[in-house]
Amino acid sequence: MAKKKSTEARLAELRERISEADHAYHVLDAPVLTDGEYDTLYRELKAIEAKHPELVTADSPTQRVGATAADQFEPAEHVKPMGSLESVVEEDGLREFDGRVRKGLELDDDDPPVRYCCEPKIDGVALELVYREGVLEMAATRGDGLVGENVTANARTIPSIPLRLLPAGGPPPELLSVRGEVYMTKADFHRHNELQAERGEALMANPRNGAAGSLRQLDPAVTEQRPLKFFAYAVADGSDLGVGTQREALARLGDWGLSINDRVRTVEGVDAVLAEHARTDKDRDSLDYEIDGLVVKVDELDAQRKLGARSRTPRWALAHKFEPTEAVTRVANISVQVGRVGSITPVAELEPVEVAGVVVRRATLHNRKELERKDIRIGDHVVIHRAGDVIPHVVRSLQERRDGDEEVFLFPEICPACDSKLVEDGVFLRCPQGSHCPARLKEAVQHYGSKRALDIDQLGEKLVAQLVDTGLVKTLADLYRLDVESLVELERMGEKSATKLIAALDETKRAPLARFLHALGIKHVGEHVARLLADALGSLEAVQATDLDALQEIDGIGPEVAAAVRDFFEDEEQASILQELRDAGVEPLTQEVVVVDDDDDADDGERGPLHGKRIVFTGKLSRITRDEAQEAARSLGAKPSGSVSSKTDLLVAGEAAGSKLAKAEKLGIEVLTEDEFLALVEESGGGSD
Ligand code: IVH
């Protein structure tokens with residue numbers, strides 16, 4: 001008996017430690033265990049459970065994917081109806097809402113403004129989570145608001161959904177219904193689509209469809225493979241958490257281990273809501289997930305109860321939406337573009353249409369297979385989507401609007417830029433000519449100077465075209481051989497701009513390693529992979545010298561990416577261009593190899609004051625951008641993170657820092673001002689200038 005007891009105790013301990021580690025990793029973005037430590041605990045748990053199947057519980061971390069595929073979803077009745085929100089786009093609509101709220105609360109003009117809780121409106125799919133005695137019992141989609149689909153097995157595979165609430169939130173009510181949004185980050189969505197495109201499989205139209213489709217897979221093992229996340233934003237009406245405000249309710253959910261959006265703000269009065277709406281809209285593109293507005297909620301729960309609900313929508317909340325990101329227009333023509341690795345992309349030339357404040361004239365059709373699958377024809381009416389700084393794309397054609405004059409596009413067999421015969425490469429057709437194809441070279445040069453690569457403002461599309469067409473630039477290295485005399489010969493190029501361009505190019509000679517690697521345009525090496533390579537290897541020489549096996553050992557780098565990196569550095573033409581770049585004085589900054597959770601016994605020389613430190617930036621920085629600050633921190637060996645936890649070493653607080661600063665202070669974490677941080681960077685010789 002005693003033996004049994006100790007087995008149970010060990011199981012409980014393992015489950016708790018693993019759940020905590022999952023929470024730290026997936027919700028707080030601040031791991032508390034190394035991969036190795038985690039695996040050891042997980043294996044031990046699995047082994048004990050295999051020996052004692054009678055002791056396996058539903059909330060055990062091993063039971064995230066246990067269920068087998070279903071034929072269809074069971075209906076699931078909601079604990080309380082799942083309403084939706086009244087929505088407006090215009091400012092007037094918000095002011096009217098505030099007027100109704102004030103009237104409903106019997107407030108006079110001289111009464112103080114209403115306090116609102118403002119939350120980003122996440123563009124995903126709504127989900128209800130029912131916890132009984134703290135254990136996840138059921139998850140259901142919204143359905144018609146009364147009855148949804150039981151997607152419990154799928155929801156269990158989402159790492160940021162706790163299977164059991166954490167004790168930090170105190171004892172939960174016997175039955176707790178949490179509402180929130182399942183979503184996919186923009187980066188995960190693009191990564192998923194890139195891989196799908198390589199494999200010739202269907203692409204997701206946007207992150208919201210991606211999230212919805214992934215959540216509604218009949219086989220939970222498929223859902224598990226999809227990078228889904230969850231933000232909790234409410235509890236069902238009537239759940240009594242013993243708190244007085246929406247803001248406090250969210251904090252409580254956070255303490256139970258649910259993931260809460262970090263841009264939630266409470267503000268006083270309608271003008272402050274408008275300001276928050278504008279601020280959120282401005283930051284929209286830089287967020288990692290898609291949002292389509294601001295949800296405005298009366299913060300006081302008593303006031304919410306007093307206002308009550310209409311049949312489907314509460315009177316105390318409103319969705320204040322942004323301009324829509326989709327629009328309908330006609331495809332005037334279809335052309336093809338040669339990408340920087342030679343892939344031929346079909347592009348829809350559109351009748352100009354405004355989408356979220358920007359006039360869109362072209363939209364990508366991705367690749368030949370996608371074009372065929374979506375059956376998009378010249379003359380079709382199509383839905384296009386534009387979000388953030390990503391290239392607009394065609395979502396689908398409106399086939400019911402065809403009149404018979406539409407034309408099927410015939411794919412060319414030769415490269416439109418250099419006449420080489422195109423070759424098949426998966427779903428893509430590719431131009432085989434390397435950088436000898438002028439179209440590829442233009443793309444490569446433009447990518448080199450693009451904002452997220454080496455950020456050479458002056459290197460616009462028209463100038464790049466001229467540089468290539470005149471033969472001044474035949475390889476990336478030629479950029480550094482440009483001089484004022486030859487530049488001024490070009491159209492629209494004065495001595496002043498020429499000098500500026502040369503100065504800008506000069507500055508890129510000592511670029512941060514990750515940016516340089518990204519700029520090289522290696523297949524599969526986008527910003528994220530470039531960052532992984534730089535953090536793991538530290539110098540260009542090291543990246544060049546690392547073999548296939550060692551590359552694959554880097555966390556986050558798979559065989560396909562590793563092979564692409566090797567191919568690039570083994571290519572003779574690339575090697576000679578790299579050598580020429582070096583001869584021209586290009587020498588990317590080396591950086592400290594970032595080893596988080598390392599045991600500090602390996603004494604390999606000088607280490608900066610930020611080595612291995614977890615650093616978080618919050619608030620508005622005034623002297624440098626957030627990106628530059630993170631880059632400077634990385635160059636000193638720090639590991640920037642998005643959220644504050646007990647593992648955070650340092651918080652840099654800019655203007656108007658909010659909840660992160662409060663949390664850091666509570667946890668006793670060292671806080672620096674922007675100036676103090678920059679002084680530290682300067683002293684340590686870091687930074688990107
Ligand atoms: S509160 C009574 N808060 O927007 C309805 N909804 O129609 C309570 N959404 O599909 C909803 N972010 O899933 C609320 N912070 C947020 C939200 C949010 C996204 C979604 C919700 C629903 C739609 C509202």
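The structure displayed is predicted, hence computed values, not measured ones. All values below come from the heavy atoms of this structure, side chains included, with hydrogens, waters and symmetry mates left out.
- Inter-residue side-chain proximity for Arg440 and Gln433 is flagged as unmet; no heavy-atom pair is nearer than 4.5 Å.
- A salt bridge is absent between Glu560 and Lys523: the closest approach of a Lys/Arg side-chain nitrogen to an acidic carboxylate oxygen does not fall below 4.0 angstrom.
- When all heavy atoms of Leu215 and Ile158 are compared, the closest pair comes out as CD1-CD1, 4.2 Å.
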- Can you list the steps and then say if Glu424 with Arg368 is a salt bridge (charged side-chain N to carboxylate O under 4.0 Å, His left out)? CA-CA 11 Å; Glu424 302 247 1; Arg368 182 171 54 168; 3.2 Å; yes
- Query: Between Tyr480 and Thr508, is a side chain to side chain contact (heavy atoms under 4.5 Å, CB included) present by the stated rule, with each step listed?
  - Reply: CA-CA 10 Å; Tyr480 298 95; Thr508 64; 2.8 Å; yes
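- Side-chain polar atoms of Asn150 and Thr152 form a donor-acceptor pair below 3.5 angstrom.
- Using a cut-off of 4.0 Å between Lys/Arg side-chain N and Asp/Glu carboxylate O, Arg377 and Glu407 are scored as not salt-bridged.
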- Message: Apply side-chain hydrogen bond (donor to acceptor under 3.5 Å, both in side chains) to residues Glu86 and Thr313 and explain how you reach the verdict.
- Response: CA-CA 6 Å; Glu86 178 199 346; Thr313 56; 5.6 Å; no
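- For His366, the ring-ring contact (aromatic ring centres under 6.0 Å, His included) partners two or more places apart in sequence, or in a different chain, are His393.
- Legend: ring pair (Phe, Tyr, Trp, His ring centres under 6.0 Å) pairs involving residues 420-468, not counting sequence neighbours, sorted by first then second residue: His447-His518.
- Residues Gln399 and His381 fail the side-chain proximity criterion, which asks for heavy atoms closer than 4.5 Å.
- In this structure a side-chain-to-backbone donor-acceptor pair under 3.5 Å is missing from Ser343 to Gly339.
- Contact of the Arg340 side chain with the Val445 side chain is not registered, since no non-hydrogen atoms from C-beta on lie closer than 4.5 Å.
- Leu490 has its side chain within reach of Leu472: a pair of non-hydrogen atoms, C-beta onward, lies under 4.5 Å apart.
- Taking both residues in full, the closest heavy atoms of Arg634 and Asp535 are given as CD-OD1, 4.1 Å, listed atom of the first, atom of the second, then distance.
- The main-chain N or O of Leu350 is never found under 3.5 Å from a side-chain atom of Thr329 such that the two would form a donor-acceptor pair.
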- Start with the C-alpha distance between Ser160 and Phe230, add both sets of side-chain angles, then the distance that settles side chain to side chain contact (heavy atoms under 4.5 Å, CB included), and finish with yes or no. CA-CA 6 Å; Ser160 54; Phe230 178 79; 3.9 Å; yes
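- Atom OH of Tyr25 has 12 or fewer neighbouring heavy atoms from other residues, nucleotides or ligands inside a 6.0 Å radius.
- The minimum heavy-atom distance between Leu429 and Pro412, with the atom names listed, is CD1-O, 4.1 Å.
- When side chains are defined from C-beta on, Leu365 does not count as touching Val347, because their heavy atoms never get closer than 4.5 Å.
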- Would Leu441 and Leu476 satisfy side chain to side chain contact (heavy atoms under 4.5 Å, CB included), going step by step from the backbone distance to the final call? CA-CA 8 Å; Leu441 179 59; Leu476 291 178; 5.7 Å; no
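- Without hydrogens or angle criteria, Arg566 side chain to Gln544 main chain gives a donor-acceptor distance under 3.5 Å.
- Applying the ring pair (Phe, Tyr, Trp, His ring centres under 6.0 Å) test to every pair with at least one member in residues 400-424, sequence neighbours left out, gives these pairs: Phe409-Phe411.
- Smallest separation of non-hydrogen atoms from Ala363 and Ile384: CB-CG2, 4.3 Å.
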- Item | Working for salt bridge (charged side-chain N to carboxylate O under 4.0 Å, His left out), residues Asp283 and Arg263 | CA-CA 11 Å; Asp283 292 347; Arg263 291 188 59 105; 3.0 Å; yes
- Query: Should Gln458 and Ser497 be marked as a side-chain hydrogen bond (donor to acceptor under 3.5 Å, both in side chains) after you check the CA-CA gap, both sets of side-chain angles, and the distance that decides it?
  - Reply: CA-CA 8 Å; Gln458 291 78 3; Ser497 349; over 6 Å; no
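- From Leu520, atom CG reaches atom CZ of Arg515 across 14.0 Å, with rounding to the nearest 0.5 Å.
- Of the options Val383, Val382, Asp380, a side-chain contact (heavy atoms from CB on, under 4.5 Å) to Leu398 is made by Val383 and by none of the others.
- Between Ile391 and Arg386 there is no side-chain heavy-atom pair separated by less than 4.5 Å.
- Using a 4.0 Å cut-off between charged nitrogen and carboxylate oxygen, Asp292 and Arg284 do not count as a salt-bridge pair.
- Counting only distance, with no hydrogens or angles, the side chain of Gln552 and the backbone of Ile557 share no donor-acceptor pair below 3.5 Å.
- Atoms CG and NE2, from Leu203 and His192 in turn, are 8.0 Å apart once rounded to the nearest 0.5 Å.
- In the model, Tyr289 has a side-chain atom that pairs as donor or acceptor with a side-chain atom of Asn261 under 3.5 Å.
- Heavy-atom neighbours of Asp547 CG from other residues, nucleotides or ligands within 6.0 Å: above the threshold of 12.
- Taking the charged nitrogens against the carboxylate oxygens, Asp375 and Arg402 do have a contact shorter than 4.0 Å, which makes a salt bridge.
- For Glu580 against Arg481, the heavy-atom pair with the smallest separation is OE1-NH2, 2.8 Å.
- Between the CZ atom in Arg362 and the CD atom in Gln337 there is a gap of 5.0 Å [rounded to 0.5 Å].
- Using a 30° and 60° split on the angle between ring planes, Tyr183 and Phe231 fall in the parallel class, below 30°.
- Here the side chains of Asn154 and Leu228 are not in contact, with every heavy-atom distance at 4.5 Å or above.
- To the nearest 0.5 Å, atom CZ of residue Arg531 and atom CD of residue Glu631 are 6.5 Å apart.
- A distance of 12.5 Å separates CD of Glu413 from CD1 of Ile344, quoted to the nearest 0.5 Å.
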- Task: In sequence, state the C-alpha distance, the side-chain angles, and the governing distance for Val586 and Phe516, and then conclude on side chain to side chain contact (heavy atoms under 4.5 Å, CB included).
- Result: CA-CA 10 Å; Val586 175; Phe516 181 74; 3.6 Å; yes
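- Leu537 places a side-chain heavy atom less than 4.5 Å from the side chain of Leu551.
- Nearest heavy-atom pair, Val328 versus Val353, reported as atom, atom and distance to 0.1 Å: O-CG2, 4.0 Å.
- Put simply, the side chain of Lys186 gets close to the backbone of Leu287: a donor and an acceptor are under 3.5 Å apart.
- Between the Arg64 side chain and the Arg156 main chain, a donor and an acceptor come within less than 3.5 Å of each other.
- Ion pairing between a basic and an acidic side chain is recognised when a charged N comes within 4.0 Å of a carboxylate O; Glu149 and Arg216 show such pairing.
- Distance NZ/Lys121 to NE2/His277: 11.0 Å, rounded to 0.5 Å.
- Salt-bridge annotation for Asp188 and Arg191: present, with a side-chain N of the basic residue lying under 4.0 Å from a carboxylate O of the acidic one.
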- Task: May I have the step-by-step check of salt bridge (charged side-chain N to carboxylate O under 4.0 Å, His left out) for Arg373 and Glu370, ending in yes or no?
- Result: CA-CA 5 Å; Arg373 194 196 324 270; Glu370 259 316 277; 3.1 Å; yes
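- A salt bridge links Asp455 and Lys451; the closest N-O separation between the charged side-chain nitrogens and carboxylate oxygens is under 4.0 Å.
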